[in-house]
Amino acid sequence: MAEQKERDRQEDDRSSPLIDQYTARNPEQFARNLARAMEELGKVAAAWTKAREKGEASDVSAAPIADMIKTFSRVSEYWLGDPTRALEAQTRLFAEFMGIWANAIRRMSEAGIPDHAEAPASDKRFQDPEWGRNAFFSFLKQAYLVTSRWALDLVEGADGLDLATRHKARFYMEQMSQALSPSNFLLTNPELFRETMASNGENLVRGMRMLAEDISAGRGDIKLRQSDASQFKVGENIAATPGKVIARNRLVEVLQYAPATENVLKRPLLIVPPWINKFYILDLNPKRSFIRWAVEQGHTVFVISWVNPDERHGTLDWSDYFEEGIRFALNAVEKATGEKQVNAVGYCVGGTLLAASLALMAAEGDERIATATFLTTQVDFTYAGDLKVFVDEEQIAALDKVMQGKGYLDANRMATAFNMLRAGDLIWPYVVNNYLRGKAPLPFDLLYWNSDSTRLAAANHSYYLRNCYLENNLSHGRAVLGGKKIDLGAITIPIFNLAAREDHIAPAKSVFLGSSFFGGTVEFVLAGSGHIAGVVNPPVSNKYQFWTGAKPAGELESWITNAQETGGSWWPYWQTWIEKQDGERVAARKSGGKKKPLGDAPGDYVRIRS
């Protein structure tokens, strides 16, 4: 009996620290901090309400929620329409939970037994040892994993769904699965629970304060902070390549960068960035700046800096963005350099507009763009990825109604949509870190840029969604620009078309297929990584790889099988391609030519915050 008591005492000594870590160290201080957290939560509610009372924010349209319910109803019809199938599905889930229970019984008597359901080693949510060591948290983790996998299997196993419905169901289910993870909640995450007890709830006070600040910054919606914005200042340590603003209108500023070489390529380089976020993704810092690197290779670089639109720009559509954007910039380049031909680069939706513009220019006989480089650009939207989930007639109509009042779409709405494409990386880790741990995110220039989102002009955005994502008019010759139907087949200039293998915004398969719609020769290159890292990959980093090969035809995977892989950045390969088209060089040019510049780069428009 004495020996048994001694063993029990030793067991209590070993388990005591495990219990203590989930106990408040100072109950009185913990109670005070909970009261302070509730006070901060009141400020959250006040910020949310105030924005709606002032008309700065409105509740989210019911269209996406209605679409999700309709989509899940289609899946439910399959499984509930046949009692045998329904029983089979329930039995599979029940068997998984029985497996968890039986495993827990074994672990009570046997050491070294792994969990019945394990998360992948790459899943950062369940790295803490307590997810496997503590019976309560282990059960929560395993129950979540088997249930979420079972739910996704229901979507994949539902026969009779069309491709669009299955795509939506998979996306919505993954969003729900990410949101309901036990790692996202205070009482079901051992790390959060321990930190809360260790700090006597001080983390919750800080977190609720940050949440109130972020709702105020988002004017009634959460503007999720992903980086410490105080560490960056546009024009000083980000977007800092020397240059001048040489032209400006209501829609754009045209920037020309100072030369870094005595001689430069005769053909200037005009960059057309997307108007979703700011152009300085290509000029983050000196080590990762494509703009600075291009200048150092001897390019006279010009960049379009789009205005952050407001109600004054609501009626401007793609024709206006061509006339007052690309055409205006071409005129400015010609005046500054005297050159009749340029090399053009379009990134993402900037590239899509460039392609449409080239088709119109071909019809007009305007040959000022001699080569075109498309960076992760879609011109055909058959395989446009998860963004298509948000695009159908009902959702676009609802969005048009929202935009009509202000003349633009709030920046936060589009930013949230993009973040949802990678919710496990761009939403929930920051929700947990900021609002539950109460820790400010670390400074990171890429995520600072990601949060510096822009509003979207109503007519422009509606044109894009309808003509590209919804009706796929651009690649099928049905799109109208400048009052004329445009044909991508009329574009016969040399094209460099870059896709990124892990791109979730412009999928590589979509970019590859788009190559077939141009009328001239296309140099297709596939970069490693994703939509940003695959493009912003300077040679000095020596990261990732790229593939080159034959004419882009057939299936992408077949093309990759026969392609040549090269380690590192695609930038030098592109530079060689550019010089093959025309490598003539002239003396370096002064910014703006004979005309006095309007100011220093990066200009005024890029500094307008949403």
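In this structure, Val252 and Asn249 have side chains that are in contact, with non-hydrogen atoms separated by less than 4.5 Å. Side-chain atoms of Ile271 and Ile304, non-hydrogen and from C-beta on, never get closer than 4.5 Å to each other. At a threshold of 4.5 Å between non-hydrogen side-chain atoms, the residues Arg206 and Glu202 count as touching. A heavy-atom distance below 4.5 Å is found between the side chains of Glu174 and Leu152. Residues Ile246 and Phe302 have side chains in contact (heavy-atom distance under 4.5 Å, counting atoms from C-beta outward). A 4.5 Å side-chain heavy-atom check between Val272 and Val345 finds every atom pair outside the cut-off. Between Arg52 and Arg219 the shortest side-chain heavy-atom distance does not fall below 4.5 Å. For the pair Gln378/Pro507, a side-chain contact is recorded, criterion being any heavy-atom separation below 4.5 Å from C-beta on.
Figure legend: cation-pi geometry between Lys509 and Tyr383, with NZ or CZ positioned under 6.0 Å from the six-membered ring centre and within 45° of its axis. A cation-pi arrangement is absent between Arg125 and Trp131, since the terminal nitrogen or guanidinium carbon is not both under 6.0 Å from the aromatic centre and inside a 45° cone about the axis.
Counted by atom type alone, Asn450 and Gln226 present one or more donor-acceptor pairs between their side chains at under 3.5 Å. If you check the side chains of Trp570 and Asn537, you find no donor sitting under 3.5 Å from an acceptor. Ser453 and Asn277 share no donor-acceptor pair across their side chains, judged by distance under 3.5 Å alone. For Tyr144 and Ser177, the side-chain atoms include at least one donor-acceptor pair closer than 3.5 Å. With 3.5 Å as the limit, one finds a donor-acceptor pair spanning the side chains of Trp574 and Thr373. Using modelled atom types, one finds no donor on one side chain facing an acceptor on the other under 3.5 Å when comparing Asp320 with His313. In this model, a donor atom of one side chain and an acceptor atom of the other lie less than 3.5 Å apart for Asn285 and Asp445.
Relative orientation of the Tyr469 and Tyr464 rings is perpendicular, given thresholds of 30° and 60° on the angle between their planes. Using the six-membered ring where Trp is involved, Tyr573 and Phe496 have ring planes that are tilted, between 30° and 60° apart.
Taking the six-membered ring where the residue is Trp, the centroids of Trp306 and Phe279 are separated by 6.0 Å or more. The six-membered or imidazole ring of Phe232 lies away from that of Trp449, with a centre-to-centre distance of 6.0 Å or more. Ring centers of His531 and Tyr347: under 6.0 Å apart, within the cut-off. Taking the centre of each ring, Trp547 and Phe524 stay at or above the 6.0 Å mark.
Panel note: side chain Ser541, backbone Pro539; no donor-acceptor pair is recorded below 3.5 Å. Between the Asn33 side chain and the Asn200 main chain, a donor and an acceptor come within less than 3.5 Å of each other. Between the Trp48 side chain and the Ile222 main chain, no donor and acceptor come within less than 3.5 Å of each other. Of the possible polar contacts, one joining the Glu253 side chain to the Asp604 backbone as a donor-acceptor pair under 3.5 Å is found. Of the possible polar contacts, one joining the Asn184 side chain to the Ala179 backbone as a donor-acceptor pair under 3.5 Å is found. Distance alone, capped at 3.5 Å, is enough to place a donor-acceptor pair between the Gln395 side chain and the Val389 backbone. Using modelled atom types, one side-chain atom of Ser227 and one backbone atom of Phe444 make a donor-acceptor pair closer than 3.5 Å. At distances below 3.5 Å, not a single donor-acceptor pair connects side-chain atoms of His461 with backbone N or O atoms of Ala458. Side-chain atoms of Thr454 come within 3.5 Å of backbone N or O of Trp275 as a donor-acceptor pair. A donor-acceptor contact shorter than 3.5 Å is absent between the side chain of Asp452 and the backbone of Tyr448.
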Fill in: Intermediate values then yes/no, side chain to side chain contact (heavy atoms under 4.5 Å, CB included), Leu186 and Asn189
CA-CA 6 Å; Leu186 181 65; Asn189 183 327; over 6 Å; no

Worksheet item: Can you list the steps and then say if Leu465 with Leu470 is a side chain to side chain contact (heavy atoms under 4.5 Å, CB included)?
Response: CA-CA 6 Å; Leu465 293 179; Leu470 184 62; 6.0 Å; no

Worksheet item: Hey, mind stepping through Arg170 and Asp386 against salt bridge (Lys or Arg N to Asp or Glu O under 4.0 Å) and telling me if it holds?
Response: CA-CA 10 Å; Arg170 186 187 301 118; Asp386 286 341; over 6 Å; no

Worksheet item: When you look at Phe171 and Met420, which way does the side chain to side chain contact (heavy atoms under 4.5 Å, CB included) test go after all the steps?
Response: CA-CA 9 Å; Phe171 179 82; Met420 286 177 67; 4.1 Å; yes

Fill in: Residues Arg36, Glu39; criterion salt bridge (Lys or Arg N to Asp or Glu O under 4.0 Å); working and verdict
CA-CA 5 Å; Arg36 291 171 59 202; Glu39 182 180 346; over 6 Å; no

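Counting all heavy atoms, side chain and backbone alike, Pro602 lies closest to Ser305 at O-OG, 4.5 Å. Considering every non-hydrogen atom in both Ile608 and Lys278, the closest pair reads O-NZ, 3.1 Å. Across all non-hydrogen atoms, the minimal contact from Ala423 to Pro429 is O-CD, 3.8 Å.
Here Lys244 pairs with Asp600 in a salt bridge; the nearest charged N to carboxylate O distance falls below 4.0 Å. Between Lys168 and Asp392 there is a salt bridge, since at least one side-chain N of the basic residue sits less than 4.0 Å from a carboxylate O of the acidic one. Salt bridge Lys50/Glu53: absent, no basic N to carboxylate O contact under 4.0 Å. A salt bridge between Asp410 and Arg455 is absent, with no side-chain N of the basic residue lying under 4.0 Å from a carboxylate O of the acidic one. Under a 4.0 Å N-O distance rule, the pair Lys406/Glu311 does not qualify as a salt bridge. Between Asp400 and Arg466, at least one side-chain nitrogen of the basic residue sits less than 4.0 Å from a carboxylate oxygen of the acidic one, meeting the salt-bridge criterion. Look at Asp283 and Arg288 and you find no salt bridge, because none of the NZ, NE, NH1 or NH2 atoms lies under 4.0 Å from a carboxylate O.
Taking CD1 of Ile427 as the reference point, atom OG1 of Thr416 lies at 6.5 Å (rounded to 0.5 Å). Going from atom OH of Tyr408 over to atom OG of Ser610 covers 9.0 Å, rounded to the nearest 0.5 Å. Rounding to the nearest 0.5 Å places CD1 of Ile238 at 12.0 Å from CD of Gln231. To the nearest 0.5 Å, atom OG of residue Ser529 and atom CD of residue Glu502 are 5.5 Å apart. Atom CD of Gln178 sits about 8.0 Å away from atom CG of Asp425, to the nearest 0.5 Å.
Residues meeting the salt bridge (charged side-chain N to carboxylate O under 4.0 Å, His left out) test with Lys223, sequence neighbours left out: none. Partners of Asn433 by side chain to side chain donor-acceptor pair (under 3.5 Å), not counting sequence neighbours: none found.
Of the candidates Leu556, Val379, Asp380, Asp380 is the only one forming a side chain to side chain contact (heavy atoms under 4.5 Å, CB included) with Leu513.
In this structure, Arg149 places its CZ atom where more than 12 heavy-atom neighbours from other residues, nucleotides or ligands lie under 6.0 Å away.
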